[in-house]
Structure formats: C-alpha cells, structure tokens
Colleague: 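Take a look at the following structure, please.
Bear in mind that the values here come from a model prediction, so they are computed numbers and not experimental data.
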Amino acid sequence: QVQLVESGGGSVQAGGSLRLSCTASGFTYIRYCMGWFRQAPGKEREKIAHFYRNTGSIRVADSVKGRFTIAHDNAKSTLYLDLNSLKPEDTAMYYCAAGRAVDYVTCSKSTRTDFGYWGQGTQVTVSE
C-alpha cells in the first residue's frame, strides 16, 4: 500500500521561504511519477512540479520557476519542495501525489487524474 506523508507547511511573510517534504512508502517499482500540486480557495488544483523516480528527472512549472525547486532523496524516499520568495498569491493547500508512469514523457504530461496516490495536504499561508 503506497502512502505519502507530507510535512512542512506553515505561515510566513511575503519574501520568506518554506520547505515541504513528502515521504513515500510502499512502492515496489520505480517507474512512477511524483508531483506537487497546489489548490487555492476557489481555484483548480494546479501541478507545479514533478519528479520521475526511474530517471531522477524533474521539472518545475513556469508559473513558479525561479522561486520553487524540487529535489529527491532516494535514501529517504522523500521528495522536497523548496518555496522561496513567497508571495501572498502562493497561499494554498499543497499536495504531494504519485502514480505509475512508464516513462518521463508520461510523467511530464500527467495531470491530476493520472495520480492515484495523494498526501493529506499541507497549508501554506503567505501574508503581506
């Protein structure tokens, strides 16, 4: 049974930083994709980054590129999302997700419905 456990959210002032963590367990294969999503009140859930376990490939969405970075620690089975230069519009619930993917192209094209496993979410609140 795959499980994803998130941590690291909180409240910060604009310009501040946070690190989110997502620890995965239960995977018996390495062809899977992990993604970070966020959902602000009244808005669609948005994919902001993804990681393909088989190759270690990563990508951050253009909307947050230059401010957010992701990294994976294989030994800890943990995916990190570093949020820097935070803005009030970054306020949202942040989710980690995972799902099977045959290759990196599949992972990169994946959308919300392609991920079968989800973390519990962690709230990020950025004030002026």
Side-chain angles (χ1 to χ4, degrees):
Q1 180 77 5
V2 173
Q3 290 188 321
L4 304 175
V5 178
E6 302 175 41
S7 60
S11 297
V12 297
Q13 289 188 319
S17 299
L18 285 171
R19 165 170 269 203
L20 308 184
S21 300
C22 175
T23 299
S25 62
F27 279 110
T28 58
Y29 47 88
I30 61 172
R31 291 184 182 270
Y32 63 85
C33 184
M34 293 184 75
W36 282 105
F37 289 76
R38 68 180 180 183
Q39 188 167 20
K43 293 190 176 181
E44 294 286 319
R45 192 168 295 189
E46 170 193 19
K47 188 172 80 168
I48 57 175
H50 61 255
F51 161 79
Y52 187 52
R53 178 63 179 86
N54 190 38
T55 60
S57 303
I58 60 174
R59 190 173 189 278
V60 177
D62 289 343
S63 60
V64 298
K65 190 174 292 182
R67 298 191 300 119
F68 294 5
T69 60
I70 65 170
H72 187 263
D73 185 328
N74 289 343
K76 296 181 179 180
S77 298
T78 299
L79 184 68
Y80 300 98
L81 180 67
D82 289 312
L83 295 73
N84 299 304
S85 302
L86 282 161
K87 305 175 181 180
E89 51 264 44
D90 294 318
T91 295
M93 185 70 82
Y94 284 70
Y95 297 91
C96 172
R100 285 184 182 268
V102 296
D103 52 31
Y104 177 68
V105 172
T106 302
C107 176
S108 65
K109 292 181 178 180
S110 59
T111 62
R112 176 180 179 177
T113 58
D114 296 313
F115 290 86
Y117 305 101
W118 290 84
Q120 78 278 15
T122 187
Q123 178 68 37
V124 171
T125 303
V126 185
S127 58
E128 293 282 1

Colleague: Indicate, with yes or no, if I58 and M34 share a hydrophobic cluster defined by side-chain heavy-atom contacts under 4.5 Å among Ile, Leu, Val, Met, Phe, Trp and Tyr.
Modeller: yes
Colleague: Which pairs with one or both residues in residues 42-78 pass ring pair (Phe, Tyr, Trp, His ring centres under 6.0 Å), sequence neighbours excluded?
Modeller: H50-Y104, F51-H72
Colleague: Is there side-chain contact between V126 and L83, with heavy atoms separated by less than 4.5 Å?
Modeller: no
Colleague: Hey, could you give me each pair passing disulfide (SG to SG under 2.5 Å) that has a residue in residues 37-71? Not counting sequence neighbours.
Modeller: none
Colleague: K87: what forms a salt bridge (Lys or Arg N to Asp or Glu O under 4.0 Å) with it, not counting sequence neighbours?
Modeller: none
Colleague: Scan for disulfide (SG to SG under 2.5 Å) pairs involving residues 34-70, sequence neighbours excluded, and state none if there are none.
Modeller: none
Colleague: Quick check for you: to the nearest 0.5 Å, what is the distance between L4 atom CG and Q120 atom CD?
Modeller: 9.0 Å
Colleague: May I have all residue pairs that pass side chain to side chain donor-acceptor pair (under 3.5 Å) and include part of residues 21-31, sequence neighbours excluded?
Modeller: T23-T78
Colleague: May I have all residue pairs that pass disulfide (SG to SG under 2.5 Å) and include part of residues 35-83, sequence neighbours excluded?
Modeller: none
Colleague: Please identify each residue that fulfils salt bridge (Lys or Arg N to Asp or Glu O under 4.0 Å) with R59, with sequence neighbours left out.
Modeller: D62
Colleague: Please list, chain by chain and in numerical order, all residues satisfying salt bridge (Lys or Arg N to Asp or Glu O under 4.0 Å) with D82, sequence neighbours excluded.
Modeller: R19
Colleague: Compare every heavy atom of G9 with every heavy atom of T122, then report the nearest pair and how far apart it is.
Modeller: OG1-N, 3.0 Å
Colleague: Linking I/L/V/M/F/W/Y whenever their side-chain heavy atoms sit closer than 4.5 Å, directly or via other members, would V124 and M93 fall into one cluster?
Modeller: no
Colleague: I need the C33 SG to N54 CG distance, nearest 0.5 Å.
Modeller: 11.5 Å
Colleague: Scan the side chains in residues 35-42 for donor-acceptor partners under 3.5 Å anywhere in the protein, sequence neighbours excluded, and list what turns up.
Modeller:
| unit_1 | atom_1 | unit_2 | atom_2 | d |
| --- | --- | --- | --- | --- |
| R38 | NE | E46 | OE1 | 3.0 |
| R38 | NH1 | D90 | OD1 | 2.9 |
| R38 | NH1 | Y94 | OH | 3.1 |
| Q39 | OE1 | R45 | NE | 3.0 |
| Q39 | OE1 | R45 | NH2 | 3.1 |
| Q39 | NE2 | K43 | O | 3.1 |

Colleague: My understanding is that only residues two or more places apart in sequence, or in another chain, count here; which of them pass side chain to side chain donor-acceptor pair (under 3.5 Å) with T55?
Modeller: S57
Colleague: Nearest 0.5 angstrom please: I70 CD1 to L20 CG, how far?
Modeller: 12.0 Å
Colleague: Which heavy atom in G121 sits nearest to a heavy atom in E6, and how many Å separate them?
Modeller: N-OE2, 3.1 Å
Colleague: CD of E89: more than 12 outside heavy atoms within 6.0 angstrom?
Modeller: yes
Colleague: State which residues pass side chain to side chain donor-acceptor pair (under 3.5 Å) with D73; sequence neighbours excluded, sorted by chain then number.
Modeller: none
Colleague: Does NZ in K65 sit with more than 12 non-hydrogen atoms of other residues, nucleotides or ligands closer than 6.0 Å?
Modeller: yes
Colleague: Please tabulate, for the side chains in residues 110-119, all donor-acceptor contacts under 3.5 angstrom to protein atoms that are two or more places apart in sequence or on a different chain.
Modeller:
| unit_1 | atom_1 | unit_2 | atom_2 | d |
| --- | --- | --- | --- | --- |
| S110 | OG | K47 | NZ | 3.1 |
| S110 | OG | C107 | O | 2.5 |
| T111 | OG1 | T113 | OG1 | 3.4 |
| T111 | OG1 | D114 | OD2 | 3.3 |
| D114 | OD2 | T111 | N | 2.8 |
| W118 | NE1 | F115 | O | 3.1 |

Colleague: Give the minimum heavy-atom separation between S85 and R67, together with the two atoms involved.
Modeller: O-NH1, 3.0 Å
Colleague: Are side-chain heavy atoms of L86 and Q13 found at a separation under 4.5 Å?
Modeller: no
Colleague: Applying side-chain contact (heavy atoms from CB on, under 4.5 Å) to N74 and R53, what does each step give before you reach the verdict?
Modeller: CA-CA 9 Å; N74 289 343; R53 178 63 179 86; 3.7 Å; yes
